[in-house]
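Input: a single structure, listed below in structure tokens.
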Amino acid sequence: MSISDEMFMRGALALARRALGRTWPNPAVGAVLVRPGDPGEIIARGQTMAGGRPHAERIALETAGAGAKGCTLYVTLEPCAHHGQTPPCADAIAEAGITRVVCSADDPDPRVSGKGFARLRKAGIEVVLHVLGAEGRQMSLGHRLRITQNRPLVQLKIAVGADGLISKGDGTPVWVTGDEARAHGHFLRARADAILVGRGTVVADDPVLTCRLPGMKDRSPVRVVLDSNLTLGDETKLAASAGKIPLWIFCNGQADEKRVKAFEARGAQITRIATQSNAGLDPQSVLAALAERGITRLLIEGGPHVAQSFWSADLVDEVYVYQGPDPAGAGGLKALTDEGLDAVRNATAFHVEATRALGRDILTLYRRSET
């Protein structure tokens, strides 16, 4: 691995990062085509497009045309080797006359795993693996978890005051953080395939759960609500917008069928999910249902009870904690119903990945160490 290999792979990873939240059920992939030289000349770039097609490699190859012959292709994930909606990217790479492929991460999908690299080598192409491998695996983690664990990547977002508590809503949102922190939270929404809350959050805040960053309204994720008995009213902002932005409601098997049909008439999709012994929806079953529909990245913005259910089930991969400079006050709630934020801070399976200031607020990212 050379310095130039790392440099061009960073460019490919940046392209993949831009596609996060738009490509499900496929992973977000970046590709860079480089003409030989010292360090080389970029002649084409590609990233997986919305809905997962076309693939990044095909976009780069089509952009370069005949100029791709003799080039090196930098790609963040192993090129596919199976016939889906399009022929294998590995075959297209070989047909284009690429002489060298540098890849960051393998693809655990059994239709691809190792087979893409084998096709390239069989075609006489030099294959270099695991360049910036940790970054490549992290980039594709949602895809990897969906394939290997039948669930998406789970990101838990928590906004607290200086006292570590969440402000309790009374039908409208109550902010404990400033504009910059809230904008960053919307950026997380733009990179998520789906966003999840519980019934309590809908009652307390009546959110719409869209991405409201300028120019990024089309990046709003699928909205998912957990409502065991399906008792939410259809006057909420979520219900009112269900015909325009996907709304998936998960309930239990005893939910009233008339209520189901009423929400479906507004454009929502209703899914019945198994419950736990305490009558709440089973978080593992929720994630399995989302994975079955192709969701690879899930952002949880629900209240303490929803956060606790996924945390207790050991199904959280990243925790974004936004902490404001002022206390939430006497009516504040613990971020997690049991120990509050101490549960995250003291978790041996997690480490602090990054800390940064956002105006007067502080963002701390906790990440599961083994991922």
Checking side-chain contact (heavy atoms from CB on, under 4.5 Å) between Val352 and each of Thr364, Val321, Val344, which is the one that passes? Thr364

Would you say the side-chain atoms of Asp206 pair up with the backbone N or O of Lys237, donor to acceptor, closer than 3.5 Å? yes

Hey, quick one: are Val75 and Val34 part of the same hydrophobic cluster, counting side-chain heavy atoms closer than 4.5 Å, chains of contacts allowed? no

Would you mind reporting whether Gln284 and Asp282 have side-chain heavy atoms less than 4.5 Å apart? yes

Looking at Phe350 versus Trp311, is the centre-to-centre ring distance below 6.0 Å? yes

For residues Pro39 and Met7, determine if any side-chain heavy atom of one lies less than 4.5 Å from a side-chain heavy atom of the other. yes

Testing the 3.5 Å rule here: is there a donor-acceptor pair between the side chains of Thr231 and Arg199? yes

Sidechain-backbone polar pair: Arg219 side chain, Gly21 backbone, donor-acceptor under 3.5 Å: no

Looking at every non-hydrogen atom in both residues, tell me the closest pair between Arg368 and Leu315 and how far apart they are. NH2-N, 4.3 Å

For Gly30, does its backbone N or O pair with a side-chain atom of Thr76 as donor and acceptor, under 3.5 Å? yes

Closest heavy-atom contact between Pro152 and Asp317? O-OD2, 4.1 Å

Contact summary for Ala94 and Ala123, nearest pair of heavy atoms: CB-CB, 3.7 Å

Determine whether His55 and Met49 satisfy the following criterion, side chain to side chain contact (heavy atoms under 4.5 Å, CB included), listing intermediate values before the conclusion. CA-CA 7 Å; His55 288 183; Met49 299 305 290; over 6 Å; no

Using the side chain to side chain contact (heavy atoms under 4.5 Å, CB included) rule, take Cys71 and Ile43 through it: C-alpha gap first, then chi angles, then the decisive distance, then the call. CA-CA 9 Å; Cys71 287; Ile43 64 167; 3.6 Å; yes

What are the two closest heavy atoms between Leu13 and Met139, and how far apart are they? O-CE, 3.4 Å

Please check if the side chain of Ser228 supplies one atom and the backbone of Asn252 the other of a donor-acceptor pair under 3.5 Å. no

So which atom in Leu33 and which in Ala68 form the shortest heavy-atom distance, rounded to 0.1 Å? CD1-CB, 4.0 Å

Sub-3.5 Å donor-acceptor pair from the side chain of Asn26 to the main-chain atoms of Gly52, do we have one? yes

Please determine if Arg119 and Asp91 form a salt bridge, counting it only when a charged side-chain N lies under 4.0 Å from a carboxylate O. yes

Quick check against the 3.5 Å criterion: does Asp205 have a side-chain atom that pairs as donor or acceptor with the backbone of Pro207? no

For the hydrophobic clusters of this structure (ILVMFWY residues joined by side-chain heavy atoms under 4.5 Å, transitively), does one cluster hold both Ile59 and Leu73? no

Are any non-hydrogen side-chain atoms of Leu238 and Leu209 less than 4.5 angstrom apart? yes

Under the salt bridge (charged side-chain N to carboxylate O under 4.0 Å, His left out) test, residues paired with Asp179 that sit two or more places apart: Arg182

Non-hydrogen atoms of Ala56 and Val29 that approach each other most closely: CB-O, 3.3 Å

Between Arg17 and Leu20, is the side chain to side chain contact (heavy atoms under 4.5 Å, CB included) condition met? List the steps. CA-CA 5 Å; Arg17 196 171 294 114; Leu20 289 174; 4.2 Å; yes

Do the side chains of Asp106 and Leu129 get nearer than 4.5 Å, heavy atoms only? no

Check whether Thr201 reaches the backbone of Gly302 with its side chain - one donor and one acceptor, N or O, closer than 3.5 Å. no

Measuring only between side-chain heavy atoms, which start at C-beta, is Trp24 closer than 4.5 Å to Val222? yes

Within the distance-only criterion (no hydrogens, no angle test), does the side chain of Thr236 pair as donor or acceptor with the backbone N or O of Ala239 below 3.5 angstrom? yes

Given side chains that start at C-beta, do those of Arg144 and Leu77 come closer than 4.5 Å, heavy atoms only? yes

Does a side-chain heavy-atom distance below 4.5 Å link Thr72 with Phe8? no

Answer with yes or no whether the hydrophobic clustering places Leu141 together with Ile147; edges join I, L, V, M, F, W, Y residues whose side-chain heavy atoms lie under 4.5 Å apart. no

Could you go through Tyr366 and His351, starting from their C-alpha distance and side-chain angles, then the distance that decides it, and tell me whether this counts as ring-ring contact (aromatic ring centres under 6.0 Å, His included)? CA-CA 5 Å; Tyr366 298 86; His351 67 275; 9.1 Å; no

4.5 Å side-chain heavy-atom contact, Leu365 and Val319: no

Residue list, salt bridge (charged side-chain N to carboxylate O under 4.0 Å, His left out) with Asp218, at least two apart or on another chain: Arg22

Check: Leu165 main-chain N/O paired with Asp163 side-chain donor or acceptor under 3.5 Å: yes

Please enumerate all residues that pass side-chain hydrogen bond (donor to acceptor under 3.5 Å, both in side chains) together with Thr271, with sequence neighbours excluded. Arg293

Just by distance, do the side chain of Glu180 and the backbone of Gly359 share a donor-acceptor pair under 3.5 Å? yes

